[in-house]
Amino acid sequence: MTVLYKSDPVRGAIWAERFAELAPDIPFRIWPDIGDPAAIRYLIAWQPDDLAVTLPNLEAVFSVGAGVDQLDLTRIPTHLPVVRMIEPGIVDGMIEYVTEAVLAIHRDLFDYALQQQARLWKPMPLRPAASRRVGVLGLGVLGTAVLQRLRLFGFACAGWSRSPRDIEGVECFAGEATFDAFLARTDVLVCLLPLTDATRGLLDQRVFAGLPKGASIVHVGRGPQLVASDLLAALDCGQIHSAVIDVTDPEPLPPDHPLWTQPRVRITPHIASATCAVTAADAVLENLRRHQAGEPMIGEIDRARGY
Ligand code: NDP
Ligand code: OXD
C-alpha cells in the first residue's frame with residue numbers, strides 16, 4: 001500500500017520522516033520517484049495532473065491544502081474519494097492571520113499608518129470591541145475556529161453558511177434569504193468560503209453596498225471570489241474603508257495592479273495559513289486507518305457541492 005506525494009519536495013521530506021516514524025510499514029514515495037505505479041494506493045497532491053487517471057490501483061486522493069478548487073475533479077475518476085486537508089496547523093495559522101487583521105482594523109491602524117506618513121499625531125476615540133460587528137462568510141473548520149477566537153475579544157460575532165449552524169456566542173445566518181441581513185449587521189467582513197461556482201465573484205458591488213458605510217473586508221478565501229474593480233470603486237467612494245487581502249486573481253498579483261497602491265489595502269501573498277507537514281501527515285495517517293477499516297474519512301468532499 002504505497003503512498004505517493006506530489007507537491008513541494010522540501011515539505012515532502014518532512015512528510016516522509018513522519019511516515020517513517022509513525023508508519024514504517026507504509027512505503028512513502030515523493031514524485032517523480034514513483035516506483036511501481038501499480039503499488040500506489042493513495043495520492044497526496046496539490047495538483048495531481050493526470051496521476052489520478054493513470055495510476056491503476058489508486059484508492060483515494062488527498063489535497064495537501066484545505067481548499068480543493070485547484071484540483072480538476074474531471075480528471076479524478078468518480079469512484080475515488082477526494083479528501084481535503086483538515087489539520088491543526090492550518091487552523092492555528094488562520095486564527096492568527098484573521099485575528100491580527102480584525103484587530104488592526106478595529107484599532108484604526110490603517111488610519112494611523114496614513115497619519116504616520118503625514119507625521120500627524122492625532123488620537124482617535126477608542127471604540128469598545130462589543131460595538132464592532134464581525135461577520136464571517138463560511139462556518140466550516142476555519143470560519144468557526146476564527147469566530148471562536150474573535151469572540152474572546154468581545155466582538156459582536158456572526159457567520160453565514162449554506163446550511164444552518166449553531167456556534168456558541170455567534171449569531172448564525174444560513175442561506176441566501178438571510179444574506180442581506182447578515183451583511184447589514186457586519187462592520188468587518190471576513191471571507192472564508194471555498195471557491196465554487198456559487199462563490200466565484202461573490203464579493204462584488206452588491207455585497208459592498210449591502211454592508212454599512214465604512215465597513216472593512218478581510219479576504220482569505222480564494223482570489224476569484226473578489227471582484228477587485230468593485231472593491232476599488234467601493235474604497236474610492238468610502239463605502240468600504242479598508243481591506244486586508246491575502247488571495248488575489250491572478251496570483252501573483254501583477255505589479256501594475258491598482259490594488260497594490262490603494263492606501264487602505266494591505267496585501268499579503270497567500271500566506272494567511274499553510275499546511276503543517278507534520279500534523280498533516282498525522283491527519284492522512286488517521287484517514288488511511290479509517291479507509292482501511294471501512295470508516296468514513298475526515299474531510300471527504302462532496303463533489304456535487306464542490307467543497
Ligand atoms: P469548510 O469546507 O470546512 O467550510 C466551508 C464553509 O463555507 C461551510 O460553512 C459552508 O457551508 C460554507 N459555504 C460553502 N459554499 C457556500 C455558499 N455557496 N453559501 C454559503 N456558505 C457556503 O472549509 P474550511 O473552513 O476548511 O476552508 C475554507 C476555505 O479557506 C478553503 O476552501 C480555502 O479556499 C480557504 N483557505 C485559505 C487559506 C489561505 O492561506 N488564504 C488557507 C486555507 C484555506 P456549510 O456549513 O453549509 O457546508
Ligand atoms: C489551502 C491554502 O487551501 O493554503 O490550504 O490556501
Side-chain angles (χ1 to χ4, degrees), residues 7-8 11 44-47 62-71 73 82-101 135-149 158-167 170 172-183 189-204 207 217-226 243-249 251-253 266-277 279-280 283-284 297-307:
S7 189
D8 174 51
R11 292 204 215 178
I44 303 165
W46 178 251
Q47 278 172 333
F62 296 92
S63 167
V64 289
V68 290
D69 54 284
Q70 80 285 0
L71 302 174
L73 293 176
V82 176
V83 185
R84 66 198 189 82
M85 185 53 69
I86 300 181
E87 61 86 18
I90 300 181
V91 176
D92 291 346
M94 191 55 80
I95 291 173
E96 285 178 7
Y97 186 95
V98 175
T99 301
E100 190 278 341
V136 175
L137 294 168
L139 291 176
V141 173
L142 299 177
T144 301
V146 157
L147 279 162
Q148 280 166 341
R149 186 63 58 92
W160 182 73
S161 56
R162 229 165 61 124
S163 51
R165 299 268 154 174
D166 186 9
I167 305 168
V170 175
C172 293
F173 294 79
E176 281 181 22
T178 67
F179 195 46
D180 290 347
F182 166 77
L183 292 177
L189 181 71
V190 179
C191 179
L192 263 168
L193 289 166
L195 179 63
T196 64
D197 289 346
T199 66
R200 189 178 297 276
L202 184 85
L203 299 179
D204 65 359
V207 165
I217 310 289
V218 178
H219 186 31
V220 278
R222 284 290 187 260
Q225 291 162 341
L226 173 69
V244 175
I245 295 177
D246 182 59
V247 286
T248 63
D249 184 24
E251 291 181 5
L253 190 65
R266 197 179 78 186
I267 293 175
T268 48
H270 198 145
I271 49 74
S273 192
T275 302
C276 166
T279 40
V284 169
M297 289 188 281
I298 299 168
E300 190 173 332
I301 68 151
D302 174 340
R303 285 178 184 242
R305 281 188 330 193
Y307 70 96

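Whatever order the structure lists ligands and atoms in, that order sets their numbers, starting from 1.
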Checklist entry - Does one side chain, of Thr199 or Tyr307, offer a donor that lies under 3.5 Å from an acceptor on the other? => result no
Checklist entry - Are Arg266 and Glu100 ion-paired here, with the side-chain N under 4.0 Å from a carboxylate O? => result yes
Next on the checklist: With respect to Val141, determine whether any N or O atom, backbone or side chain, lies less than 3.5 Å from an N or O atom of ligand 1.
Outcome noted: yes
Checklist entry - Heavy-atom distance under 4.5 Å between the side chains of Leu137 and Phe173, does that happen here? => result no
Checklist outcome for this item: One finds that the ligand 1 atoms under 4.0 Å from a non-hydrogen atom of Val247 are 41 (N)
Checklist entry - If you measure from each heavy atom of Arg222 to ligand 2, is any distance below 4.0 Å? => result yes
Checklist outcome for this item: For atom 8 (C) of ligand 1, the closest protein heavy atom turns out to be Gly140 N, 3.7 Å
Checklist entry - Within the side chain of Glu87, is there an N or O that forms a donor-acceptor pair under 3.5 Å with the backbone of Ile90? => result yes
Checklist entry - Quick one: nearest non-hydrogen protein atom to atom 40 (O) of ligand 1, plus distance? => result Ser273 N, 3.1 Å
Next on the checklist: I need the atoms of ligand 2 closer than 4.0 Å to a non-hydrogen atom of Gly65, numbered in the order shown.
Outcome noted: 1 (C), 3 (O), 5 (O)
Checklist entry - For His219 and Leu203, which heavy atoms make the closest approach, and how far apart are they? => result ND1-CD1, 3.7 Å
Item to check | Backbone or side-chain N or O of Ala66 under 3.5 Å from ligand 2 N or O | outcome: yes
Next on the checklist: Need the ligand 1 atom indices (1-based, order shown) with element for anything under 4.0 Å from a heavy-atom of Ser161.
Outcome noted: 9 (O), 11 (O), 20 (C), 21 (N), 46 (O)
Item to check | Main-chain N/O of Pro224 paired with Arg222 side-chain donor or acceptor, under 3.5 Å | outcome: no
Checklist entry - Would you say Leu139 and ligand 1 have an N/O pair spaced under 3.5 Å apart? => result yes
Checklist entry - Are any of the N/O atoms in Asp69 less than 3.5 Å from those in ligand 1? => result no
Checklist entry - With no hydrogens and no angle check, is any side-chain donor or acceptor of Asp246 less than 3.5 Å from a backbone partner on Ile271? => result yes
Checklist entry - Out of curiosity, is His270 lining ligand 2, as in a heavy atom under 4.0 Å away? => result yes
Checklist entry - Does an N or O anywhere in Gly67 fall below 3.5 Å from an N or O of ligand 1? => result no
Checklist entry - Hey, is Met94 touching ligand 2 through its side chain, its backbone, both or neither, going by heavy atoms under 4.0 Å? => result neither
Checklist entry - Going by the atom numbers of ligand 2, which of them fall below 4.0 Å from some non-hydrogen atom of Gly67? => result 1 (C), 3 (O)
Item to check | Close-contact set for ligand 1 against Gly221 heavy atoms, below 4.0 Å | outcome: 34 (O), 35 (C), 37 (C)
Checklist entry - To which protein heavy atom is atom 5 (C) of ligand 1 closest, and what is the distance rounded to 0.1 Å? => result Pro194 CD, 3.6 Å
Checklist entry - Any heavy atom of Glu176 sitting closer than 4.0 Å to ligand 1? => result no
Checklist outcome for this item: side chain to side chain contact (heavy atoms under 4.5 Å, CB included) test vs Gln225 passes for just one of Asp249, Asp69, Leu195, namely Leu195
Next on the checklist: Quick check against the 3.5 Å criterion: does Trp160 have a side-chain atom that pairs as donor or acceptor with the backbone of Gly175?
Outcome noted: yes
Checklist entry - Tyr97 near ligand 1, heavy-atom distance under 4.0 Å? => result no
Item to check | Nearest neighbour of atom 46 (O) of ligand 1 from the list Arg165, Arg305, Arg162, on a heavy-atom basis | outcome: Arg165
Item to check | Distance filter under 4.0 Å to His270 heavy atoms, resulting ligand 1 atoms | outcome: 39 (C), 40 (O), 41 (N)
Checklist outcome for this item: Nearest heavy-atom contact between Val220 and Ala272 is CG1-CB, 3.7 Å
Checklist entry - Which option, Arg222, Gln70, Gln225, Met85, owns the non-hydrogen atom nearest atom 34 (O) of ligand 1? => result Arg222
Item to check | Taking atom 18 (N) of ligand 1 as the reference point, the nearest protein heavy atom with its distance | outcome: Ala198 CB, 3.6 Å
Checklist entry - Got the closest protein heavy atom to atom 48 (O) of ligand 1, with its distance? => result Tyr307 OH, 2.6 Å
Item to check | For Ala66, the ligand 1 atoms whose distance to one of its heavy atoms is below 4.0 Å | outcome: 43 (C), 44 (C)
Item to check | Closest protein heavy atom to atom 28 (C) of ligand 1, given as residue, atom name and distance to 0.1 Å | outcome: Leu192 O, 3.4 Å
Checklist entry - Is there a donor-acceptor contact under 3.5 Å from the side chain of Ser63 to the main chain of Arg84? => result no
Checklist entry - Okay, side chain of Thr275, backbone of Val64: is any donor-acceptor separation there less than 3.5 Å? => result yes
Item to check | Check: Val207 main-chain N/O paired with Asp204 side-chain donor or acceptor under 3.5 Å | outcome: yes
Checklist entry - How far is atom 26 (O) of ligand 1 from its nearest protein heavy atom, and which residue and atom name does that atom have? => result Arg84 NH1, 2.9 Å
Next on the checklist: So for Leu193, does at least one of its heavy atoms come nearer than 4.0 angstrom to any atom of ligand 1?
Outcome noted: yes
Item to check | Contact summary for Ala158 and Leu147, nearest pair of heavy atoms | outcome: O-CD2, 3.5 Å
Next on the checklist: Check this for me - ligand 1, Val220, N or O atoms closer than 3.5 angstrom, yes or no?
Outcome noted: yes
Checklist entry - Ignoring hydrogens and geometry, is there a side-chain-to-backbone donor-acceptor pair from Glu251 to His270 under 3.5 Å? => result no
Checklist entry - Any idea which protein heavy atom is nearest atom 27 (O) of ligand 1, and the distance to it? => result Leu142 CD1, 3.5 Å
Next on the checklist: Are there over 12 heavy-atom neighbours, none belonging to Asp302, within less than 6.0 Å of that residue's CG?
Outcome noted: yes
Next on the checklist: If I compare all heavy atoms of Gly93 with all of Ser273, which pair ends up nearest, and what's the gap?
Outcome noted: CA-OG, 3.6 Å
Checklist outcome for this item: Taking only non-hydrogen atoms of Asp246 and a 4.0 Å limit, the atoms of ligand 1 in range are 39 (C), 40 (O), 41 (N)
